[in-house]
Structures are given as structure tokens and as C-alpha cells.
Amino acid sequence: MLINYCTSNYTLKHKTMKYPLTVLLIMICVHLFSQQVNPNPWVMAPDTTAEVTYTNPVIPGFYPDPSVCRVNDDYYLVNSTFEYFPGVPVFHSKDLIHWDQVGHCIHRKGQIDGEINIFAPTIRYHKGTFYMITTNVTYKGNFYVTAKNPAGPWSDAIWIDMPEIDPDLFFDDNGKTYVITSAFELAEIDIATGKLLSERRKIWNSTGGRYPEAPHIYKKDGFYYLMAAEGGTEEAHMVTIARSHNIWGPYIDNPANPIATHVNYAGMGKPIQGIGHADIIQAHNNTWWMVIHGYRSVTGYPPHHMLGRETCLVPVSWPKGGWPVVNGNGTVPVEMTCPTLPQIPVEAIPARTNFNKKELGFEWNYIQPPGGQNIILDPEKGTLSLKGSALKIGEKGNPSFVGRRLTDIKFEATTRIAFNPANENEEAGMILLNNGSHFDITVHAKNEKRYLSVKLQFGQTLYQSTIIELTPGTVDLRVEGTGPEFIFSYAQNNRGFKTVEKVDARFLSTETVGWFTGLYVGLYATGNGKPAEAPAVFDWFDYRGK
Ligand code: 6LW
């Protein structure tokens with residue numbers, strides 16, 4: 001009845017005059033209906049008795065800008081990695097919840113013949129080949145690499161003539177392949193060579209949020225859907241979507257945009273903030289899911305986050321011919337209570353690294369590809385030797401550093417170091433690092449004696465704690481994170497750990513140090529301006545979340 005009224009102008013006019021109450025009713029219905037498609041910021045509080053089926057983030061720690069693809073019932077996910085090498089981790093999952101790293105897309109020095117700084121990637125699978133397309137921001141721009149096996153090897157970079165960041169690849173069912181970037185310029189591409197086959201044409205203007213970026217194109221029910229991130233990768237982050245029957249547009253915005261955000265009442269106070277930059281996948285049981293990043297704020301108000309942007313997962317309902325609705329009201333809770341794929345857990349990374357393998361585990365990174373002989377693993381002895389180069393940590397290049405992401409707000413990291421500096425410029429120890437600023441517990445020498453201290457390097461400002469004279473032999477170094485604080489301590493000869501310094505954690509937060517990375521904990525050595533002579537030898541490294 002109502003539909004008849006709405007679709008016939010004549011009937012509507014006719015009845016308008018005769019039945020003003022009916023018209024009012026129609027208006028109320030239309031109003032209510034239009035409210036329904038919007039994410040509801042006043043949605044009911046979650047049922048606290050419902051069974052938690054999984055928790056977010058599904059990949060904790062600095063794993064931002066997630067992109068996902070499916071091959072039958074196997075899922076592959078990649079993240080951006082900035083200056084760290086190997087770059088762009090590839091994770092595998094059977095359930096979208098438990099992820100196991102199988103390799104890296106950027107794993108060989110020659111793949112990119114210059115400085116590495118990788119922004120948001122997209123992973124796609126097409127006719128037996130995996131494609132990972134991304135931007136190397138500080139050198140040459142947009143490129144893709146390919147692999148038959150997602151674990152690698154991946155090809156050398158194929159550079160493409162597209163400006164801006166966050167390229168996406170879309171394989172249409174008519175055999176054509178398209179690339180689109182954060183400028184929302186689309187071009188057809190020859191996927192064998194990387195050459196553009198068409199002009200670059202702007203096809204969408206976004207919905208008006210700041211920093212529009214992260215486009216992905218999907219095809220469903222005769223529509224091309226263009227999804228993006230807007231608002232910037234901080235508190236105002238959001239996901240928006242538009243659609244068109246033609247890939248070149250015009251695109252019509254979803255009236256319910258943004259489809260995911262925490263910059264509203266529904267997101268206020270949620271432990272995960274800054275949600276945005278997403279990719280959507282249809283699972284092998286036909287359910288729809290979104291991978292999206294967000295950060296866990298750990299240091300009070302205004303929010304500061306330490307661990308970087310982390311990969312989260314939320315269900316999507318996407319009715320035929322309709323718009324995707326993300327987790328009901330566009331939020332990303334920590335505790336999820338929705339039905340999932342059958343869950344298949346993966347093995348946890350062991351707490352101790354013994355350095356008794358030829359290569360470091362996938363969780364370990366360098367800064368830029370290592371070049372010389374300063375970082376040496378000895379699997380027979382089970383040691384890692386770091387000889388300080390002239391580079392200080394934070395300077396451009398490949399310093400003597402290995403590190404892994406902090407994956408827990410509360411953690412403890414401990415190592416054993418054997419180090420007798422040959423000169424007073426040499427130092428080595430354990431480090432917390434974010435975007436060039438770092439807090440270290442370090443061994444150094446003066447007047448033929450060995451000392452330990454905590455050094456806090458924030459930009460150009462250096463603070464050094466009181467120096468503690470060491471007795472001969474190895475030294476155990478520890479950093480503990482409590483959330484708001486880092487505690488540095490040391491022990492010698494199994495005599496128990498003594499606290500050297502406590503530091504407000506927010507001084508290494510992303511908000512404080514800038515750029516887009518999260519915190520690493522690692523091992524380092526430096527000759528502070530000239531190459532060191534003595535290596536620092538690390539026996540083991542323990543990392544435990546608490
Ligand atoms: C990335 C962009 C973004 O390329 O931040 O949050 C940029 N989204 O899409 C760096 O990660």
C-alpha cells in the first residue's frame with residue numbers, strides 16, 4: 001500500500017488532499033526508513049553476557065593499513081611497514097581471526113633499488129598469481145610485486161606512472177585491470193608490464209573528509225563499489241563508500257556514510273580508536289568481513305598510542321543490491337560476540353629467541369636492508385653480534401639494529417649482552433624505538449671501566465641517567481612496560497634486577513614522535529660517529545606480553 005502511494009504521483013497528490021493523516025504517516029515512515037540505513041550512534045550497549053567469539057586487534061602491534069585477499073578457503077593479509085626491512089609482512093589465516101606470518105613481500109635488497117619507505121599496500125590474487133601494490137614514499141613512488149607463492153619469492157618492483165599514495169588493483173571480470181590511488185584517479189593498466197593503457201581520470205571526489213585515501217574497488221550485484229578512508233589516520237578516521245554502474249563513474253555516495261568510524265558517540269570511549277583504512281572480503285561461507293586498523297590508546301587523555309595502528313576484524317552485512325553495513329553501527333569493539341568461521345588457532349611466537357637459526361624469525365626487522373658485516377647471527381654458538389657502525393639510531397641508513405614490534409600494552413623484554421667496548425665512543429644495549437626517537441639501556445666505557453646507563457633520545461634532546469659501574473662479565477638488560485610507564489633495569493651475576501630509570505611512556509607515542517609507526521623493542525650498537533671495533537654479543541632475547 002505504502003509503496004503504491006510513493007510510486008504514483010497522481011495517487012499521492014490525490015490522497016494528499018483527501019487524507020492529510022495518511023501523508024503524515026508516509027512522511028514518518030520515510031523518515032524512519034532513512035534513519036535505519038545510517039549507523040546508529042545510540043545503539044544499545046552490547047550484551048555483556050554474550051559469549052566472546054574473538055578479540056580485536058586480531059593482529060596486535062604495529063600492523064597498519066591491512067589488505068586481504070582469498071584463495072578458496074585460505075586468506076592472505078598484508079600491512080605497511082615504512083622504513084623497516086623485510087617489508088610488507090604476508091599473513092595467512094583459515095578463519096580471518098588467527099594469523100600466521102608466512103613471509104614478506106619485500107625480502108630482497110634488490111627488489112627496490114633505493115631507500116625503503118612503504119605506505120599502504122593492497123594484496124590481490126588473480127589467475128594463479130599474487131599481486132601486492134603499494135607506494136615507496138621516499139623513492140620512486142608506486143609499484144607492485146608478484147609471486148606464485150605468497151611466502152615468496154616475490155618479484156622485483158614494477159614501477160607505475162601514477163601519482164599519490166595507496167594504489168589499489170582491480171581485476172574486472174571483462175579481463176581488464178585497473179589501478180586507482182588516493183587521488184581517486186583511475187587508469188587501465190597492462191598488468192604484465194605495469195604500463196598504463198588509458199589516461200588517468202579522476203572518478204570521485206570523496207565525501208569531503210580530510211585526507212581522502214586508501215581506495216579499494218569491488219564489484220557486486222552490477223555495481224562498482226569504491227571504498228575509501230577519510231578524516232586522516234587519527235581520531236577522525238573513517239571509512240566511506242560510493243557506487244556506480246560504470247567503473248569510470250559517476251559514483252553515488254552511500255547516504256549512510258561513514259560506514260565505519262569512532263569519531264562519534266558510538267565510538268566515544270572505545271578502547272580502540274582511529275578506526276579506518278579498511279578492505280572487505282567475502283569469506284568462503286559467503287559471509288562478509290572487513291579488516292580495518294585502529295589503535296589502542298594507552299596513556300590517558302588526550303589519547304596517546306604506543307603500539308601503532310593494529311589490524312582488526314569486524315563482520316559486514318551486505319545485502320543484494322544494498323550497501324555494506326559494518327558491524328551493525330560501524331564500530332570496532334575489542335570483544336566480538338558474532339558468529340565466525342570455524343576457528344583454527346595458530347602457534348604463538350616463542351617468548352625466547354635463542355639466535356640459533358641461520359635467519360631471524362619473521363617478527364624481527366632491520367631498519368633498511370642490512371648491507372655490511374655489522375649484524376651477524378652465529379647459529380652454532382646461538383648468538384647475535386652487533387658491531388656499531390658510525391650511524392646513530394635515528395639517522396638515515398642501516399644502523400646496527402634488530403627489533404620486533406611491541407604487541408602488548410604491558411610487556412617485559414630481557415636480553416643478555418656480552419660487550420667490552422674497545423673505545424669510549426662505542427655503546428650497545430636494548431632499545432625502545434619509534435620514528436627515530438629512542439629510549440635505551442646501554443653499556444659503554446670510560447677510562448677503561450665499563451658503565452651502564454639509560455639514555456633517552458628525543459629528537460635532538462638527550463638525557464642520560466646516572467652511570468653505574470659494571471663488574472666484569474655479561475649483563476642482563478630489561479625493559480618493562482606497565483602502560484603509562486617504561487621501567488629500565490639490569491642484573492649481573494644472577495643478583496636480581498635493579499631499577500635504573502622510570503619514564504613516562506607517552507614520550508615515545510606516535511602522537512609525540514610523529515609519522516605513522518608504532519614502538520619497536522630491540523637490540524642495537526653504535527660507534528656514535530665512527531665505526532666501533534668491539535662487537536656486542538647477545539645470547540638470547542625474551543619478550544613476554546603480560
Ligand atoms: C596510508 C594511508 C593511511 O598510506 O596512512 O591510515 C598512510 N591510512 O592510507 C600511512 O599508513
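Whatever order the structure lists ligands and atoms in, that order sets their numbers, starting from 1. Computation of the quantities below employed the complete heavy-atom set of this structure, encompassing side-chain atoms and omitting hydrogens, waters and symmetry-equivalent molecules.
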**Request:** Write out the residue and atom name of the closest protein heavy atom to atom 6 (O) of ligand 1, then the distance separating them to 0.1 Å.
**Result:** T233 OG1, 2.8 Å
**Message:** Under a 4.0 angstrom heavy-atom cut-off, which atoms of ligand 1 come close to R309?
**Reply:** 3 (C), 5 (O), 6 (O), 8 (N), 10 (C), 11 (O)
**Fill in**
for atom 11 (O) of ligand 1, nearest protein heavy atom and its distance come out as D65 OD2, 2.5 Å
**Item:** Step-by-step side-chain contact (heavy atoms from CB on, under 4.5 Å) determination, I292 to V332
**Value:** CA-CA 9 Å; I292 181 166; V332 178; 3.8 Å; yes
**Asked** With atoms numbered from 1 as shown, which atoms in ligand 1 lie under 4.0 angstrom from a non-hydrogen atom of H237?
**Response** 6 (O)
**Message:** Parallel, tilted or perpendicular: which one describes the rings of H126 and Y131, with boundaries at 30° and 60°?
**Reply:** tilted
**Prompt:** What are the two closest non-hydrogen atoms of F184 and S206, and how far apart are they?
**Reply:** CE1-CB, 3.9 Å
**Prompt:** Hey, which atoms in ligand 1 end up nearer than 4.0 Å to a heavy atom of A120?
**Reply:** 1 (C), 4 (O)
**Contact atoms of ligand 1, heavy-atom distance to D166 under 4.0 Å** = 1 (C), 2 (C), 4 (O), 9 (O)
**Prompt:** Would you call K140 and D113 a side-chain contact if the rule is heavy atoms closer than 4.5 Å?
**Reply:** yes
**Fill in**
For I165, the ligand 1 atoms with a heavy-atom partner under 4.0 Å come out as 4 (O)
**Message:** Among all protein heavy atoms in this structure, tell me which lies nearest to atom 3 (C) of ligand 1, with the distance rounded to 0.1 Å.
**Reply:** E213 OE2, 3.3 Å
**Prompt:** Hey, are the side chains of H92 and D74 touching, using non-hydrogen atoms and a 4.5 Å cut-off?
**Reply:** yes
**Request:** Among F82, Y84, Y524, F85, find the one that has a side chain to side chain contact (heavy atoms under 4.5 Å, CB included) with I367.
**Result:** Y84
**Item:** ligand 1 versus F82: contacting region, heavy-atom distance under 4.0 Å
**Value:** side chain
**Prompt:** ring-ring contact (aromatic ring centres under 6.0 Å, His included) with W323: which of Y225, Y218, F223, W288?
**Reply:** Y225
